[in-house]
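Structure first, then comments.
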Amino acid sequence: MKERITVVKIGGAFLENESELETISRKFASMQGKRILVHGGGKRASQISQALGIEPKLIGGRRITDRKTLEVVTMVYGGWANKNLVGRLQSLGCNAIGLSGADADLIRAVRRPVKEVDYGYVGDVESVNVASLQLLLRAGLTPVFCALTHNGKGQLLNTNADTVAAEIAKALGGEYRTSLYYCFDKKGVLRDLNDPNSVIAHLDQATFRDLEGKGIIAEGMMPKLHNSFGALEGGVEEVCIGPPELMTGNAGIFTKLSL
Ligand code: ADP
């Protein structure tokens with residue numbers, strides 16, 4: 001029987017202050033078995049960009065990663081956010097190793113082709129190097145990924161953290177029974193954004209399309225759900241969206257996805 005592995009993606013909101021970070025690190029460190037952490041960015045990158053006089057560029061509500069922004073997100077996501085998280089996990093007895101997709105050639109991506117919009121240095125994942133990831137896992141290390149990838153030709157690429165988590169989970173499906181947990185600042189996928197308790201406990205693709213059509217699923221929830229169904233189609237056994245308590249098994253209500 002294949003061993004289980006859990007890929008946990010934590011939202012940017014948990015990186016905003018030290019007490020949130022401590023709480024989330026404790027939950028992740030207390031998990032049993034093999035696991036991988038993927039983290040988003042949080043507001044810090046925008047704050048530092050502004051402090052440096054780099055004006056955020058948005059087209060249709062989407063951030064454009066120009067060269068200067070890529071430098072900032074690499075420093076913030078790959079530097080402070082990643083190492084701060086790793087340091088905390090180490091203090092809790094979890095032997096974490098901080099990684100980007102460029103390290104050990106773990107995640108290759110291609111720069112998103114320019115159509116109506118040029119998103120800049122943004123990558124779409126092409127491959128995950130399972131053999132190298134296995135070396136780390138077998139050595140008893142716990143990978144902690146920031147959402148940066150590379151194209152193998154010297155170019156780093158800013159990549160959606162939800163996608164990074166889903167692609168890692170899918171790639172490991174051949175070797176492990178994989179679970180994918182998206183932990184964020186709500187209890188799950190909500191039927192009504194104004195009612196924090198309106199959690200949809202079971203969400204299948206047909207219901208998703210219906211809710212999407214009605215505009216109930218919006219903003220950051222869209223990539224999470226597209227990635228979630230993609231992961232299930234790609235062989236991931238279990239995909240859940242909910243609060244950080246998903247990690248400790250006491251989330252109460254949360255969203256479980258099915259095809
Ligand atoms: P994270 O960085 O935590 O992954 P995102 O901002 O990318 O978070 O996405 C989560 C956000 O999606 C929520 O905070 C919420 O504002 C928004 N959202 C939109 N539609 C929904 C919905 N139906 N249920 C829950 N959250 C939703």
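For ligands, and for the atoms within them, numbers begin at 1 and follow the listed sequence.
- Looking at every heavy atom in both residues, Asn129 comes nearest to Asp105 through CB-O, 3.3 Å.
- The single protein non-hydrogen atom nearest to atom 12 (O) of ligand 1 is Met221 N, 3.4 Å, given as residue, atom name and distance.
- The shortest N or O to N or O distance between Leu193 and ligand 1 is not below 3.5 Å.
- Residue Cys183 has no N or O atom closer than 3.5 Å to an N or O atom of ligand 1.
- Near Gly188, with a cut-off below 4.0 Å to any heavy atom, the atoms of ligand 1 are 25 (C).
- Atom numbering of ligand 1 starts at 1 in the shown order; those under 4.0 Å from a heavy atom of Val189 are 24 (N).
- Checked against the 6.0 Å centroid threshold, His39 and Phe14 do not count as a close aromatic pair.
- Those atoms of ligand 1 with a heavy atom of Glu219 less than 4.0 angstrom away are 16 (O), 17 (C).
- For Arg4 and Thr178, the side-chain atoms include no donor-acceptor pair closer than 3.5 Å.
- Closest to atom 14 (O) of ligand 1, if we only count protein heavy atoms, is Asp185 OD1, 3.0 Å.
- Using a cut-off of 4.0 Å between Lys/Arg side-chain N and Asp/Glu carboxylate O, Glu237 and Arg177 are scored as salt-bridged.
- If you number the atoms of ligand 1 from 1 as listed, the ones under 4.0 Å from a heavy atom of Lys9 come out as 1 (P), 2 (O), 4 (O).
- Residue, atom and distance of the protein heavy atom nearest to atom 19 (C) of ligand 1 are Ala218 O, 3.0 Å.
- Interface of Gly12 with ligand 1, defined as ligand atoms under 4.0 Å from a residue heavy atom, comprises 2 (O), 3 (O).
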query = Which is it for Ile241 and Ser228 under the side chain to side chain contact (heavy atoms under 4.5 Å, CB included) test, yes or no, and what are the steps along the way?
reply = CA-CA 9 Å; Ile241 300 180; Ser228 296; 3.7 Å; yes

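- Near Lys224, meaning under 4.0 Å from any of its heavy atoms, are these atoms of ligand 1: 1 (P), 4 (O), 7 (O), 8 (O), 9 (O).
- If you number the atoms of ligand 1 from 1 as listed, the ones under 4.0 Å from a heavy atom of Leu190 come out as 22 (C), 23 (N), 24 (N), 25 (C).
- The protein heavy-atom contact nearest to atom 7 (O) of ligand 1 is Gly220 CA, 3.5 Å.
- The distance from ligand 1 to the heavy atoms of Gly11 drops below 4.0 Å at these ligand atoms: 1 (P), 2 (O), 3 (O), 4 (O).
- Tested against Leu89, the residues Leu37, Asn95, Thr142 include a single side-chain contact (heavy atoms from CB on, under 4.5 Å) partner, Leu37.
- Tyr176 pairs in a side-chain hydrogen bond (donor to acceptor under 3.5 Å, both in side chains) with only one of the listed residues (Gln134, Lys2, Glu3, Lys34), which is Gln134.
- For the pair Lys9 and Tyr182, the cation-pi test (distance below 6.0 Å, angle within 45°) is failed.
- Screening Leu148, Ile107, Thr159 against Ser100 for a side-chain contact (heavy atoms from CB on, under 4.5 Å) leaves a single residue, Leu148.
- The shortest contact between atom 10 (C) of ligand 1 and any protein heavy atom is with Phe184 CD1, 3.6 Å.
- Val38 and Leu172 fall within a single hydrophobic cluster, where Ile, Leu, Val, Met, Phe, Trp and Tyr side chains are chained together by heavy-atom contacts under 4.5 Å.
- Residue Asp162 places no N or O, backbone or side chain, under 3.5 Å from any N or O of ligand 1.
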